[in-house]
Participant: 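My questions all concern the structure below.
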2 protein chains.
Amino acid sequence: MPNKRSIFREFMARNGLKWTKQREAILEEFLDSKEHLSTEALYLAIRSKHPHIGYATVYRTLKLFAESGIAEERDFGGGQVLYELSNRGDHHDHLICNGCGAIIEFEDQSIEKLQENVAREHQFKITSHRLEIFGLCAKCSSPKH
Amino acid sequence: MPNKRSIFREFMARNGLKWTKQREAILEEFLDSKEHLSTEALYLAIRSKHPHIGYATVYRTLKLFAESGIAEERDFGGGQVLYELSNRGDHHDHLICNGCGAIIEFEDQSIEKLQENVAREHQFKITSHRLEIFGLCAKCSSPKH
DNA sequence: CACCTTTTGAAAATCATTTTCATAGGGGGT
DNA sequence: ACCCCCTATGAAAATGATTTTCAAAAGGTG
Ligand SMILES: [Mn+2]
Ligand SMILES: [Mn+2]
Ligand SMILES: [Zn+2]
Ligand SMILES: [Zn+2]
């Protein structure tokens, strides 16, 4: 079970890319992070420990994470792209609260199957998909504040 | 069965907004259009008949179409927002070809139901959702050519 | 260490979309 | 039709996330 650190380092080596302090710092901060975060959020988190790291480098490095497969890019329409760690190969979709911004993950094999049926009916070859449900989470839709 | 023209005009009146040549021209061109089109595409289409209409006005008017309910905004991640007429009042989702850009619409009540179940399990109140399946259409995935 | 390539940070550039602002145009009331 | 008060318009400038440029600063391989 290769961990994300080694997957990423192998990706770098395989592509003739270099292992730098910046990339290491960004990787560590990203691995520590929870949930879905924007480049800006990660940049700000890193800045406290590494004030010298530039914004562009964070952008570039997150793209590398996505290319290497250890991270996934998400665009929930909030104006900024979000990144999350790719968890053990499993695909999942999202419930997104318009009230507090909470993002709830879910997996539903029945839905996935039906999507494949739809694609098959159209002789369409799926490479990826996204299902996003917007609304209000339990907290935000409860009457008592 | 109020048509889109009257729905939009009523929306305008109700909100104290004015009926202008520009809005009429943009509406007519939009009603004539097929499928999912960008502001730019609509602007270019209109420009031949109405060279005086500005880009900003097209942006503003498409937003009004969406607000009034006669159009829907879609962001398939292509860098530009697309608009389509809200047809048949029914919700639908999309298959998007990465090869030729074709957009295929589909409706699947079973998937919708399962989405509601997922939301219910999380005590989540749905206001909207989107399901987009990316890949290759029949034409683009066929071996010949 | 040398050398060649990739990286980096800061600033400038992109690009879709939005906003500004001065002028023009609806439209209800008279 | 005339006023008057908004709202709308177009051109240009502004925005804001992301990307690119470029000269200087490392990787890393032998
Ligand atoms: Mn997720
Ligand atoms: Mn559609
Ligand atoms: Zn919430
Ligand atoms: Zn195609």
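Each chain gets a letter, A, B and so on, in the order the sequences are listed, and its residues count up from 1. These numbers were taken from a predicted model, which means no experiment stands behind them.
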Participant: Please find the earliest and latest nucleotides of DNA chain D, in the 5' to 3' direction, that have an atom within less than 4.0 Å of any heavy atom of chain A.
Facilitator: D/dA17 to D/dG28
Participant: Scan B/Arg23 against the nucleic acid and name what it touches under 4.0 Å (heavy atoms): base, sugar-phosphate only, or nothing.
Facilitator: sugar-phosphate
Participant: A/Gln22 CD to C/dT6 C1': how many Å, rounded?
Facilitator: 12 Å
Participant: How many Å lie between OH on B/Tyr43 and C1' on C/dA16, as a whole number?
Facilitator: 15 Å
Participant: What is the distance, to the nearest angstrom, from the NE2 atom on B/His52 to the C1' atom on C/dG25?
Facilitator: 14 Å
Participant: Can you confirm whether or not the ring centre of A/Tyr83 sits under 6.0 Å from the ring centre of A/Phe65?
Facilitator: no
Participant: Which residues pass the side chain to side chain donor-acceptor pair (under 3.5 Å) test with B/Gln22, sequence neighbours left out?
Facilitator: none
Participant: Using the closest heavy atom to pick a nucleotide of DNA chain D for each, name whichever of B/Gly16 or B/Arg60 lands nearer the 5' end.
Facilitator: B/Gly16
Participant: Could you check which of C/dG27, C/dT6, C/dT17 has an atom nearest any side-chain atom of B/Trp19?
Facilitator: C/dG27
Participant: Please give, in whole Å, the distance from C/dA16 P to B/Phe76 CZ?
Facilitator: 18 Å
Participant: Could you tell me whether B/His94 and B/Phe106 have their ring centroids closer than 6.0 angstrom?
Facilitator: no
Participant: Take atom NE2 of A/His50 and atom P of C/dG9, then tell me their distance rounded to the nearest Å.
Facilitator: 11 Å
Participant: So do A/Glu73 and A/Leu62 actually touch side chain to side chain, heavy atoms under 4.5 Å?
Facilitator: no
Participant: Can a side chain N or O of B/Tyr59 be found less than 4.0 Å away from OP1 or OP2 on C/dT17?
Facilitator: yes
Participant: Do B/Glu10 and B/Arg14 meet the salt-bridge criterion of a basic N to acidic O distance under 4.0 Å?
Facilitator: yes
Participant: Roughly how bent is the helix from C/dC1-D/dG30 to C/dT30-D/dA1 end to end, in steps of 10 degrees, with each end axis from five pairs?
Facilitator: 30°
Participant: Just checking, any donor-acceptor pair under 3.5 angstrom between side chains of B/Glu84 and B/His36?
Facilitator: yes
Participant: Would you say the side-chain atoms of B/Glu24 and B/His50 include a donor-acceptor pair closer than 3.5 Å?
Facilitator: no
Participant: Mapping A/Thr61 and B/Val81 to their closest nucleotides on DNA chain C, which lands nearer the 5' end?
Facilitator: A/Thr61
Participant: For A/Ile26 and C/dG9, what is the distance between atoms CD1 and C1' respectively, to the nearest whole Å?
Facilitator: 12 Å
Participant: Looking just at side-chain N and O atoms, do B/Gln115 and B/His129 make a donor-acceptor pair shorter than 3.5 Å?
Facilitator: yes
Participant: Want to settle it: does B/Gly79 or A/Tyr55 sit nearer the 5' end of DNA chain C, counting the closest nucleotide to each?
Facilitator: A/Tyr55
Participant: Measure from NZ on A/Lys18 to P on C/dC4 and round the result to the nearest Å.
Facilitator: 12 Å
Participant: Which whole-number value in Å describes the distance from B/Glu40 CD to C/dT14 P?
Facilitator: 17 Å
Participant: May I ask you to check whether A/His91 and A/Glu107 show a side-chain donor-acceptor distance below 3.5 Å?
Facilitator: no
Participant: If only side-chain N and O atoms of A/Thr20 are considered, is one of them under 4.0 Å from the OP1 or OP2 phosphate oxygen of C/dT8?
Facilitator: yes
Participant: Is a salt bridge present between A/Glu28 and A/Arg5, judged by a nitrogen-to-oxygen distance below 4.0 Å?
Facilitator: yes
